[in-house]
Undergrad: 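The structure is given below, and queries will be raised subsequently.
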Amino acid sequence: MYMKFGRVKPARYLFDEMPVRNEVSWNTMMSGLVRVGLYLEGMGFFRKMCDIGIKPSSFVIASLVTACGRSGSMFREGVQVHGFVAKSGLLSDVYVSTAILHLYGVYGLVSCSRKVFEEMPDRNVVSWTSLMVGYSDKGEPEEVIDIFKGMRGEGVGCNENSMSLVISSCGLLKDESLGRQLVGQVIKSGLESKLAVENSLISMFGNLGNVEYANYIFDQMSEHDTISWNSIAGAYAQNGHFEESFRIFNSMRRFHDEVNSTTVSTLLSVLGHVDHQKWGRGIHGLVVKMGFSSVVCVCNTLLRMYAGAGRSEEAELVFQLMPTKDLISWNSLMACFVEDGRSLDALGLLCSMIRTRKSLNYVSFTSALAACFSPEFLDKGRILHGLVVVTGLFENQIIGNALVSMYGKIGEISESRRVLLHMPRRDEVAWNALIGGYAESEDPDKALAAFRTMRLEGVPANYITVVSVLGACLMPGDLLERGKPLHAYIVSAGFESDEHVKNSLLTMYAKCGDLSSSQDLFNGLDNRNIITWNAMLAANAHHGHGEEVLNLVSKMRRLGLSPDQFSFSEGLSAAAKLAVLEEGQQLHGLAVKLGFEQDCFIFNAAADMYSKCGEIGKVVKMLPPSVNRSLPSWNILISAFGRHGCFEEVCGTFHEMLEMGIKPGHVTFVSLLTACSHGGLVNQGLAYYDMIARDFGLKPAIEHCICVIDLLGRSGRLAEAESFISKMPMKPNDLVWRSLLASCKIYGDLDRGRKAAENLSKLEPEDDSVYVLSSNMFATTGRWEDVENVRKQMGFKNITKKQACSWVKLKDRVSSFGIGDRTHPQTLEIYAKLEDIKKLIKESGYVADTSQALQDTDEEQKEHNLWNHSERLALAYALMTTPEGSTLRIFKNLRICSDCHSVYKFVSRVIGRRIVLRDQYRFHHFESGLCSCKDYW
DNA sequence: TTAGGGTTAG
């Protein structure tokens with residue numbers, strides 16, 4: 001009696017005082033202890049009984065085993081009981097063996113459960129259900145359904161628990177036809193009014209994407225518990241109806257007081273999809289206030305929320321502060337690092353999991369494999385491949401897919417194909433990964449061949465397949481042979497209506513050189529999403545239509561669509577290329593207003609824009625302090641100093657970066673070497689070039705070699721430049737010869753120049769620069785016959801020279817000038833102003849340098865031609881129209897002419913104006929008669 | 001019976 005009322009003390013006293021104790025007294029005492037939760041003490045009694053040789057009743061054993069499962073930490077005790085039971089022949093008791101199979105299920109050992117199950121002489125619903133629970137907890141819904149079918153096959157009727165289990169497993173498998181059958185069985189078995197069954201039906205329909213039906217069931221229920229509310233909110237959330245999900249949470253607060261940690265997890269997963277800026281931090285605070293901040297699952301969702309918003313530092317902090325972490329926490333943080341590009345951190349996490357003997361599963365390895373996304377990860381990728389084989393995870397479909405993808409991204413495409421061919425089952429994801437790899441390695445033929453084989457093997461293509469194949473055909477020559485037939489396939493296979501496919505088609509046409517088809521596709525789209533707009537932005541950027549990029553961004557805004565990081569970066573880089581400071585500033589301001597201030601892509605794009613618009617001071621101010629500056633920011637800073645002629649700062653910044661322990665990359669050296677070349681720092685540049693391989697283990701790329709050729713050539717060391725080309729680790733391309741030719745022009749080296757021109761025209765027969773440079777070279781050395789010859793060839797091949805153009809921007813108007821331009825409404829005033837300037841600077845000692853003249857005429861005509869240069873017209877106009885003392889900002893599409901450079905210097909001193917001129921390559925800051933380029937450009 | 005981690009493209 002005392003035990004029935006949970007009064008342990010008096011019961012134990014009575015038990016201890018009993019002169020004789022029989023089986024019943026022992027059993028009563030033991031089952032009582034288990035009932036009140038004193039599991040370990042119950043276990044002690046069990047051991048004593050075994051020692052004395054008193055047989056516990058099967059009921060008592062079953063409850064003790066159940067207790068071992070419930071405690072969560074009494075696995076060894078449970079196994080001990082199993083041993084006793086097996087010896088004493090109690091396994092034939094259905095209650096005892098069911099309890100034991102349930103115990104193994106709880107501790108994740110489903111194969112042990114199954115063994116016990118198979119050896120049972122007879123089974124009841126609870127035995128079947130217990131086996132199902134084990135598989136359900138392990139995340140194997142297929143098994144659950146198989147067991148359910150076996151149970152039905154043996155004519156065992158189901159109960160509430162087994163029905164709920166199978167319904168939720170069906171939802172996880174997204175098996176619609178089974179779902180329909182189950183609804184029929186629920187009605188037949190009369191379980192339709194059971195709360196647990198109704199709840200699992202809600203979640204099943206949520207998983208099947210049928211929110212209406214989930215909602216119908218919810219509305220029909222006579223009562224709702226917390227699980228019902230959570231299930232319906234989850235159903236809406238899963239299907240993207242986030243607002244509705246919110247509405248449910250609000251009603252929940254009104255009609256149902258109880259909220260649990262699952263409610264909070266669901267709410268958080270919804271918030272991961274809506275405006276993080278607005279809600280994220282608030283909800284984090286709320287979680288703490290509600291006391292859920294130590295629930296593992298809630299913390300995991302919180303971590304995911306920060307990860308989804310691209311804030312890996314905050315996610316890391318959540319992880320560090322978690323009182324207990326499970327496998328999902330570790331996997332989530334690893335995935336977050338991968339998404340944020342922190343591959344080394346992700347792999348470090350895997351290492352510490354292995355080191356501390358944490359349990360790992362296939363998800364851990366898929367993330368680690370995804371971290372290896374570029375050639376430098378080849379060794380690490382191979383090690384992971386080995387680990388995956390050793391642990392037997394190789395058989396896992398998703399791991400196989402991740403391996404195919406990894407080798408593709410690393411550039412080991414033949415290895416990627418080999419993995420695919422050895423897979424027991426090749427699904428569409430595996431094929432898509434292989435096709436993606438071929439696209440990455442720019443091999444459209446192999447991508448299309450893989451696409452054909454895939455279909456021959458009977459694997460149906462999905463929209464990602466189509467997107468990947470399209471992504472492999474992006475060269476101008478691909479359009480007729482591959483792109484258009486693909487478009488035809490897309491239409492016939494019914495992929496045309498897919499948003500992703502449409503966007504990829506748009507990109508394909510643009511990259512293949514057919515911007516107007518892209519435009520047509522864009523115009524024909526009814527619902528353009530952000531990705532469509534971004535694709536169109538990229539298409540225009542690719543064709544150099546910066547103005548259109550900016551137009552599209554403002555059009556987006558007028559239509560009420562917020563630009564995202566991608567749109568802003570594209571817009572900012574367009575503004576940078578056009579050197580339109582006002583537009584760039586407006587975009588940057590808007591990005592900050594929309595909460596992108598901390599986004600590193602955006603502040604880097606903005607910094608680059610300020611640099612290319614001449615605002616060097618702003619760049620220095622806006623980039624993060626050197627302690628937490630990322631590699632792209634360092635690169636931008638170095639190139640900004642180089643572009644503005646601040647060469648001491650270039651070297652200083654580079655060394656500061658090294659002191660901070662940042663390893664320079666490919667881009668760093670391009671910026672560094674370009675700066676040295678423009679600053680005439682020849683020996684310094686050569687030293688930096690040597691560092692690439694020697695000190696940092698990087699392979700010099702052709703871009704670096706071009707910089708060295710430029711460096712040597714511009715300083716007149718033409719023989720060395722030529723010999724460098726012959727010793728380069730790769731084949732010279734057009735840019736190599738163009739650079740050498742340009743240097744030969746400066747120094748009048750006809751022989752080398754001719755050779756360079758020949759090599760260049762072999763590689764780029766249509767290019768105008770070879771003719772322009774050669775004719776300039778001949779002109780400056782007085783070889784007028786050769787000049788005429790080149791001109792004739794150009795006419796013959798229908799090649800036209802790119803026209804020089806300079807412009808000035810005043811408020812919202814751009815005034816541009818060609819050579820000898822007389823189309824401007826204020827032409828007369830402009831030419832009059834030019835005469836004034838000429839007079840003024842001649843009085844100060846200016847003498848025209850006609851040695852660079854390109855026409856065979858007399859001196860007077862040569863000088864007259866110089867005064868028709870576009871940059872001079874722009875200068876005169878700028879002087880006329882801007883307030884005295886303000887800085888003049890002038891742009892030119894080609895390199896500034898050396899005599900104009902001298903005129904600008906005189907003007908800056910004589911008229912006392914600061915002038916900033918941006919030519920094709922760099923900025924010139926003129927002040928008090930000097931230029932920042934120190935006359936070397 | 002409800003919630004949290006993964007592969008392909010963008």
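Numbered from 1 within each chain, the chains take letters A, B, ... in sequence-line order. Since we're looking at a predicted model, the values are computed, not measured.
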Undergrad: Answer with yes or no after comparing the ring centroid distance for A:Y216 and A:Y213 against a 6.0 Å cut-off, counting only values under it.
TA: yes
Undergrad: Answer with base, sugar-phosphate or nothing: what part of the nucleic acid does A:S265 contact at a heavy-atom distance below 4.0 Å?
TA: base
Undergrad: Does A:R304 come within less than 4.0 Å of A:E339, counting only side-chain N to carboxylate O?
TA: yes
Undergrad: Closest to the A:S504 side chain: B:dT8, B:dT1, B:dG10?
TA: B:dG10
Undergrad: Would you indicate what A:K409 reaches in the nucleic acid, counting non-hydrogen atoms under 4.0 angstrom: base, sugar-phosphate, or nothing?
TA: sugar-phosphate
Undergrad: Is the distance between the ring centroids of A:F451 and A:W431 less than 6.0 Å?
TA: no
Undergrad: Between B:dG10, B:dG5, B:dT2, which nucleotide gets closest to the side-chain atoms of A:N260?
TA: B:dT2
Undergrad: Do A:N503 and B:dG10 share a donor-acceptor pair, side chain to base, under 3.5 Å?
TA: no
Undergrad: For the side chain of A:H500, starting at C-beta, report the closest nucleotide among B:dT7, B:dG4, B:dA9.
TA: B:dA9
Undergrad: Just to be sure I understand the rule, does A:N534 reach a base, reach only the sugar-phosphate, or reach nothing, if contact means heavy atoms closer than 4.0 Å?
TA: nothing
Undergrad: When we call it a touch if two heavy atoms are under 4.0 Å apart, what does A:I232 touch: a base, just sugar-phosphate, or nothing?
TA: nothing
Undergrad: Let's test your reading of the model: under 3.5 Å, does the base of B:dG4 pair with the side chain of A:D326 as donor and acceptor?
TA: yes
Undergrad: Heavy atoms from C-beta onward define the side chain here; which of B:dG10, B:dT1, B:dG4 lies closest to that of A:S269?
TA: B:dG4
Undergrad: Using a heavy-atom cut-off of under 4.0 Å over every strand shown, decide if A:F566 touches base, sugar-phosphate, or nothing.
TA: nothing
Undergrad: On the nucleotide B:dG5, are OP1 or OP2 found under 4.0 Å from the side-chain N or O atoms that A:S364 carries?
TA: no
